[in-house]
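Each remark here refers to the structure printed beneath this line.
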Amino acid sequence: MVGLSREELAAEMAAIGAQPFRARQLWHWIYNRGARDFAAMTTLSKAFRSELAERYVVGRPETARALSSSDGTRKWLLRFADGQEVECVHIPEEDRGTLCVSSQVGCTLTCKFCHTGTQRLVRNLSAQEIVGQVMLARDALGEWPSPQDDRQLTNVVLMGMGEPLFNYDNVAKALKIVMDHEGLSLSRRKITLSTSGVVPMIERCGQELGVNLAISLHAVTDELRDTLVPLNKKYPIALLLEACRNYPGSSNARRITFEYVMLRGVNDSPAEARELVRLLEGIPAKVNLIPFNPWPGAPFERSTAAAIKLFSDIVNAAGYSSPVRTPRGEDIMAACGQLKSDSVRGHKSAPAGEAAAAPTA
Ligand code: SAH
Ligand code: SF4
């Protein structure tokens with residue numbers, strides 16, 4: 001049942017001759033209480049509960065591996081019914097807890113610095129598989145019923161494996177479930193969708209979902225961006241920034257995030273920082289500087305701390321907030337997609353932290 005829209009759930013109930021309000025009760029049990037067993041749904045009659053159990057399941061993806069970092073970051077390798085795997089990461093911070101969710105198995109795009117882009121097998125995740133990541137994290141964090149405050153899972157970012165705007169319909173369906181007030185109840189303001197620049201889908205994303213937008217920019221000239229983010233050849237920087245200028249609902253209070261991976265000697269000069277500032281003029285923007293997460297065989301190195309600081313100072317001085325993303329979970333393989341590749345290669349020995357990381361629910 002996980003991943004059915006409200007309308008689909010209502011249609012299922014109608015099809016088995018149940019009253020319409022049953023769909024609402026089920027919704028509450030599944031998404032607010034986190035119930036997985038129909039027997040626990042005590043507001044439903046016994047006969048109805050057993051009828052549901054005969055026909056449906058409230059499922060979760062299988063956890064193939066679970067790792068905990070010494071810094072509190074948790075990473076799950078999830079396996080779906082067809083054996084395909086994706087990663088999902090929870091990053092606790094002082095004032096929030098962010099869940100990084102995947103939208104595809106692998107990615108059809110081949111950004112040069114991204115490990116996910118090296119994986120050949122690609123398919124879209126279903127809405128069920130996307131919502132399933134949030135459900136599983138809630139299980140592991142022990143966050144049922146959905147707490148009103150003091151949550152450990154406050155934010156969701158679509159920054160895991162895959163390009164979410166290449167799987168728009170399923171992502172949209174999943175996010176509507178995640179945002180539903182009577183269920184998981186995460187506000188659209190706490191959800192950020194990151195895209196490498198699928199320009200034709202950006203406006204629709206803002207209009208229909210109203211979530212925060214993050215753009216993987218990574219370069220300030222088309223010449224360099226063509227090589228780092230090959231999708232740039234189709235949708236060059238000027239077109240991408242035009243779509244950002246028109247993004248529905250963006251304002252100084254709700255800025256668009258520009259992600260910029262810091263690659264040593266490639267895109268990290270002061271001149272490029274100044275050009276970035278020039279490009280962003282007129283866009284309510286903030287810049288997220290991401291020190292490159294190395295992976296075996298990667299053709300880049302992380303920028304030096306001094307280069308990152310200088311870059312950040314220039315962007316800051318122009319009035320844009322430009323926090324440097326602190327690398328997290330480095331002891332449990334930080335680069336997105338690494339855990340999955342490791343598993344595909346047949347990794348057997350459990351790295352440090354694994355034993356302690358099994359979901360608690
Ligand atoms: N496909 C989408 C969302 C997933 S990638 C996108 O590209 O935006 C999420 C972010 O992680 C992107 O900004 C991506 O460029 C960045 N990223 C990928 N590999 C990285 C690495 N090895 N080190 C640092 N950032 C990386
Ligand atoms: Fe795909 Fe994003 Fe990785 Fe590029 S950075 S290959 S779009 S997941």
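Counting convention: from 1, in listed order, for ligands and their atoms alike. Computed from a predicted structure; not experimentally measured. Reckoned from all heavy atoms, side chains included, excluding hydrogens, waters and symmetry mates.
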Using salt bridge (Lys or Arg N to Asp or Glu O under 4.0 Å), reason through Asp95 and Arg151 one step at a time and then give a plain yes or no. CA-CA 10 Å; Asp95 57 341; Arg151 291 183 180 187; over 6 Å; no
Open item on the list: salt bridge (Lys or Arg N to Asp or Glu O under 4.0 Å), that's the test. Do Glu12 and Arg55 meet it? Break it down for me.
Closed with: CA-CA 10 Å; Glu12 287 290 335; Arg55 293 170 187 263; over 6 Å; no
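In summary, the side chains of Glu208 and Tyr168 do present a donor paired with an acceptor at a separation below 3.5 Å, with no hydrogens or angles considered. When only modelled atom types and interatomic distance are considered, Glu163 and Ser103 share no side-chain donor-acceptor pair under 3.5 Å.
Looking from atom 3 (Fe) of ligand 2 to the surrounding protein, the closest heavy atom is Cys114 SG, 2.4 Å. Of the protein's non-hydrogen atoms, Leu109 O, 3.4 Å is the one closest to atom 6 (S) of ligand 2. Ranking protein heavy atoms by distance to atom 2 (Fe) of ligand 2, first place goes to Gly162 O, 4.5 Å.
Judged by the 6.0 Å and 45° rule, Arg264 forms no cation-pi pair with Phe300. Both the sub-6.0 Å distance and the 45° axial angle are not jointly satisfied by Arg65 relative to the ring of Trp76.
Only backbone heavy atoms of Thr195 (N, CA, C or O) come within less than 4.0 Å of ligand 1; its side chain stays farther off. Counting heavy atoms under 4.0 Å from ligand 1, residue Trp295 touches it through the side chain alone. Under 4.0 Å from ligand 1, the heavy atoms of Ile290 that appear belong solely to its side chain. Looking at Met159 against ligand 1, both its backbone and its side chain come within 4.0 Å, counting heavy atoms. With a 4.0 Å heavy-atom cut-off, ligand 2 is reached by the backbone of Cys111 and by its side chain too.
Taking the centre of each ring, Tyr320 and Phe258 stay at or above the 6.0 Å mark. In this structure, Phe113 has its ring center closer than 6.0 angstrom to the ring center of His218.
When each atom of ligand 1 is checked for a heavy atom of Cys114 under 4.0 Å away, the hits are 18 (C), 19 (N). Atoms of ligand 1 lying under 4.0 Å from at least one heavy atom of Ser196, given by number and element, are 6 (C), 7 (O), 8 (O). Near Glu259, meaning under 4.0 Å from one of its heavy atoms, ligand 1 places the atoms 10 (C), 12 (C), 13 (O). Applying the 4.0 Å criterion to heavy atoms of Ser196 picks out, from ligand 2, the atoms 7 (S).
Taking any N or O of Pro291, backbone or side chain, none lies under 3.5 Å from an N or O belonging to ligand 1. Considering backbone and side-chain N/O atoms, His115 never comes within less than 3.5 Å of an N/O atom of ligand 1.
Here Cys107 does not reach atom 3 (Fe) of ligand 2: none of its N/O/S atoms is less than 2.8 Å from the metal.
In this structure, Asn232 contributes its side chain and Val229 its backbone to no donor-acceptor pair below 3.5 Å. For Thr154 (side chain) and Gly97 (main-chain N/O), a donor-acceptor pair under 3.5 Å exists by modelled atom type.
The closest approach between His218 and ligand 1 falls below 4.0 Å for a heavy atom of the residue. Using 4.0 Å as the threshold, Gly160 has a heavy atom nearer than that to some atom of ligand 1. In this structure, Gly162 is part of the shell of residues with a heavy atom less than 4.0 angstrom from ligand 1.
Val178 and Val157 fall into different hydrophobic clusters, where Ile, Leu, Val, Met, Phe, Trp and Tyr side chains are chained together by heavy-atom contacts under 4.5 Å.
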